[in-house]
Amino acid sequence: MDEVCEVIITAPDPEWLVEFTRSLVTDRLCAAGHNFAPIRSIYRWQGEIYDRTEGRVALHTRRDLVPQIIERTNQEHPYEVPCVVTLPITSGDQEYLNWILTETAEPT
């Protein structure tokens, strides 16, 4: 079970995030991305409080692909320091979890 995880990313432009998600799925870095928009983010950045509308995606992937997702996010994301966090998937439908593993495997 510890092979799979959920990666959460937020971004100021929900449509940018949808296209970013599509590129990660296309490149097999994640099996699926569940996009939520709008979300309301309240945070402190450089001493100022922000209250903004953003998009959020929950990616289902392999843990060993997380470094590549983080690197890609840091290269392409519009924020200087994007929100990228990983949560473990501790259980679930075994067929779905196997599907995640299959969809993120190198094509044969």
Counting C-beta onward and ignoring hydrogens, is there a side-chain heavy-atom pair between V4 and R63 closer than 4.5 Å?
no
With a 4.5 Å cut-off on side-chain heavy-atom distances among I, L, V, M, F, W and Y, is there a chain of contacts connecting L97 to W99?
yes
Value for CG (N35) from CD (E19), rounded to nearest 0.5 Å, stands at 10.0 Å
With rounding to the nearest 0.5 angstrom, report the CG to CZ distance, L24 to R22.
11.5 Å
Interatomic distance, R28 atom CZ to T104 atom OG1 [nearest 0.5 angstrom]:
7.5 Å
Same apolar cluster: I70 and L65, side chain cutoff 4.5 Å:
yes
Hphob cluster co-occupancy, F36 + W16, side-chain heavy atoms under 4.5 angstrom:
no
Measure the shortest side-chain to side-chain distance between I49 and Y43 over non-hydrogen atoms and say whether it is less than 4.5 angstrom.
no
Are E3 and L101 close enough that some pair of their side-chain heavy atoms sits under 4.5 Å apart?
yes
Nearest non-hydrogen partners of G55 and I39, listed with the distance
O-CD1, 4.0 Å
Heavy-atom count around Q75 CD within 6.0 Å, excluding the residue itself: above 12?
yes
Does any part of the side chain of L59, heavy atoms only, come nearer than 4.5 Å to the side chain of E6, both counted from C-beta?
no
Sub-4.5 Å side-chain heavy-atom contact between Q68 and D27
no
Verdict with supporting geometry, I69 and I9, side chain to side chain contact (heavy atoms under 4.5 Å, CB included):
CA-CA 10 Å; I69 292 170; I9 301 172; 4.1 Å; yes
Identify whether the distance between the nearest side-chain nitrogen and carboxylate oxygen of R72 and E76 falls below 4.0 Å.
yes
Is any side-chain heavy atom of I8 closer than 4.5 Å to one of R56?
yes
Are F20 and T73 packed together at the side-chain level, in the sense that at least one heavy-atom pair is separated by less than 4.5 angstrom?
yes
Determine the minimum heavy-atom distance between P38 and T53, stating which atoms define it.
CB-CG2, 3.3 Å
Take the angle between the ring planes of Y79 and H77 and call it parallel below 30°, perpendicular above 60°, tilted in between.
tilted
Compare all side-chain heavy atoms of S41 with those of Y50 and state whether any distance is below 4.5 angstrom.
no
What is the minimum heavy-atom distance between T10 and C83, and which atoms define it?
OG1-CB, 3.2 Å
What one should report as the nearest heavy-atom pair of C5 and V66 is SG-CG2, 3.6 Å
Can a donor-acceptor pair be found, under 3.5 Å and without considering hydrogens, that links the side chain of T61 to the backbone of L29?
yes
Would you name the heavy atoms of A11 and E54 that are closest together and state the gap between them?
O-CB, 3.1 Å
